[in-house]
Number of protein chains: 2
Amino acid sequence: MAGGEFDMIRRITADLEQSPTTILGPGDDAAVLRLDGDAAVTTDMLVEGVHFRRNWTTPFQLGRKAIAVNVSDVEAMGAVPVSVVVALALPIGLEETWVDQFSAGVREECARSGVSLVGGDLSRSESITVCVTAIGEFRGSTPVTRGGAAPGEQVAVCGRLGWSSAGLTVLQRGFGSPKELVVEHQCPTVPYGQGRVAAAAGATAMMDVSDGLLADLGHLAEASRVAVDLETDAFAVTDAIARVCAATGKSPWGFILAGGEDHALVATFPADVALPEGWLRVGSVLEGEGLTVNALPWQGAAGWDHFAR
Amino acid sequence: MAGGEFDMIRRITADLEQSPTTILGPGDDAAVLRLDGDAAVTTDMLVEGVHFRRNWTTPFQLGRKAIAVNVSDVEAMGAVPVSVVVALALPIGLEETWVDQFSAGVREECARSGVSLVGGDLSRSESITVCVTAIGEFRGSTPVTRGGAAPGEQVAVCGRLGWSSAGLTVLQRGFGSPKELVVEHQCPTVPYGQGRVAAAAGATAMMDVSDGLLADLGHLAEASRVAVDLETDAFAVTDAIARVCAATGKSPWGFILAGGEDHALVATFPADVALPEGWLRVGSVLEGEGLTVNALPWQGAAGWDHFAR
């Protein structure tokens, strides 16, 4: 790649917009932030061939996705996302435009999610690897953990469930349509701002749905020492997912309940809370442990495990 | 690897000690920190085959090094390092003990440097990749950037210069001795606490030396719009480096001034400041631009560039 490491860094960081939170942006040993209240910190790595493929995801989409999946975790705590740092490892010989397109995607998603890119790292590798750390501020509010759900509460979701995994199935079959599902796999539509909204509405527990709704709700139920029952009638199966199911013989519930990479939010609310706009009631918190679907045990795959045998 | 992703995460995070800064440690969507003053944030990725080789660096040493090189950047701002998050991507089929040994190294270096491991990410990859983000707090003090050096000031270093690159040369020749140099390459001895000490003593600019002293001082000089002259008489050439030079015909100044991966600190101080213990005066800040060694232009390699042609 032309120009060397420092020239590439200059191109990535040129004319970056910074929020008032940023006391010192890229270019020094560390960024300096002035955060309002406690800080939320989360990190996630995207690896070529594992999380994405170059022929399925453009550099622009990858840049967007790397920011989106991390900011989503900050949202899921009820914090306000403010900053990201991006570590990038690239093969020598990558086409010159790759970095510029990736960088444009990062900027696009930073603008959408309201965060500033404050620093990063650039190095070599055999395959493209992106690691983003996102930081949020609580502005005096209390973090919404996975452990606060109580029996009698309602379970609600916000965002697009099953779209990403259905899109992956489309790509794996060699197709590019339904386009809206493929695009969702290439970069999830995170419901920015809704974590904060849910926290303000009284959410007692919340999570980013990244491993599949059932798998992640399983973590929430375990942390809260409760059981959860999901009601499939509550979900609308979108036409696009129904079309993929018709073509493949797959069940929509495999995508919606166990798909993964949704980056939707799932939260629990007291029974008397009127759910905020955009949130859908999909189940109930019960005494006991474990998950059921329509009061029955779930028979399908549980979700994503990177090291499952 | 046995046990799957969630079992591995449980093993890595079991019984972690947390500082009072940590409101919420590993296990949720994000960690929650209560920082004292402004925050320093920095990230660095280590890639197998680029930054380390499995046959030269043990998992324990890699765990230590990944923390050390990041905490060093927080120190270089004059901040107090408090927290790290660690993203780890591992090949399937890695020996079972690897993660436990890596994790032990991470814990060892966290203890040495005074930081808590507050979160992370675990996924698959073809080759081992570690990305650490380190966070520090300023506790009311002012960040020491690269841009504050002024003509007439003294340049000083703290830490081991040239040891790591001389150790790499030893390994590349197929040897394991001098051991102290090899060990320094496998994991640098970061002068923990000295960034804070330098800031309190009045350091006007400071950097972590990671690309080689001349290369990094070049960045500092550029940011500060000054020139720097280094005096080689100021440095002691340790016996071990002298032995490597005798065996290879290399100049010690290639290691000491341009070696890289030292993770020492270089700082500038007003002329009338008595340097803190452990700091060595090695040169002067001058008007103008660029670097000289003993008032002459440097003829050797400038330093490390991941994408240099």
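To find a chain, count down the sequence lines: A is the first, B the second, and so on, and within it residues start at 1. Everything quoted here is computed from the prediction, not taken from an experiment.
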Could you measure the distance from the [atom1] atom of [X] to the [atom2] atom of [Y]? Nearest 0.5 Å is fine.
{"X": "Leu46(B)", "Y": "Asp121(A)", "atom1": "CG", "atom2": "CG", "result": "8.5 Å"}
{"X": "Thr21(A)", "Y": "Asp38(B)", "atom1": "OG1", "atom2": "CG", "result": "10.5 Å"}
{"X": "Thr142(B)", "Y": "Ile23(A)", "atom1": "OG1", "atom2": "CD1", "result": "11.0 Å"}

Below 4.5 Å from any heavy atom of chain A, which atoms of Thr129(B) appear? Answer side chain, backbone, both or neither. both
Checking Val132(B) against chain A: side chain, backbone, both or neither under 4.5 Å from a heavy atom? neither
Of the listed residues (Ala31(A), Gly37(A), Cys131(A)), which shares the most heavy-atom pairs with chain B below a 4.5 Å separation? Ala31(A)
Picking from Thr145(A), Leu33(A), Leu220(A), which has the most non-hydrogen pairs under 4.5 angstrom with chain B? Leu33(A)
What are the residues of residues 65-82 of chain B, in order of number, with any heavy atom under 4.5 angstrom from a heavy atom of chain A? Asp73(B), Ala76(B), Met77(B)
Starting from the C-alpha separation in whole Å, work towards a yes-or-no answer on side-chain contact (heavy atoms from CB on, under 4.5 Å) for Val47(A) and Arg124(B). CA-CA 8 Å; Val47(A) 181; Arg124(B) 276 197 298 119; over 6 Å; no
So, the part of Val130(A) with a heavy atom under 4.5 Å from chain B: the answer is backbone
Would you check, one step at a time, whether the test side-chain contact (heavy atoms from CB on, under 4.5 Å) holds for Val41(B) with Ile135(A)? CA-CA 9 Å; Val41(B) 182; Ile135(A) 294 172; 3.5 Å; yes
If you tally heavy-atom pairs under 4.5 Å against chain A, which of Gly49(B), Ser127(B), Gly120(B) wins? Gly120(B)
May I ask you to name which of Leu35(B), Asp44(B), Asp208(B), Leu24(B) has the most heavy-atom pairs under 4.5 Å with chain A? Asp44(B)
Residues, nucleotides or ligands: over 12 heavy atoms within 6.0 Å of Glu126(B) CD: no
Counting only heavy atoms not in Arg225(A), do more than 12 fall under 6.0 Å of its CZ? no
Can you spot which of Val118(B), Val86(B), Val85(B), Leu88(B) makes a side chain to side chain contact (heavy atoms under 4.5 Å, CB included) with Thr43(A)? Val85(B)
So, for [X] and [Y], which heavy atoms are closest and what is the spacing to 0.1 Å?
{"X": "Ala87(B)", "Y": "Met45(A)", "answer": "O-CE, 3.5 Å"}
{"X": "Asp28(A)", "Y": "Met206(B)", "answer": "OD1-O, 4.4 Å"}
{"X": "Gly27(B)", "Y": "Arg146(A)", "answer": "O-NH1, 3.3 Å"}

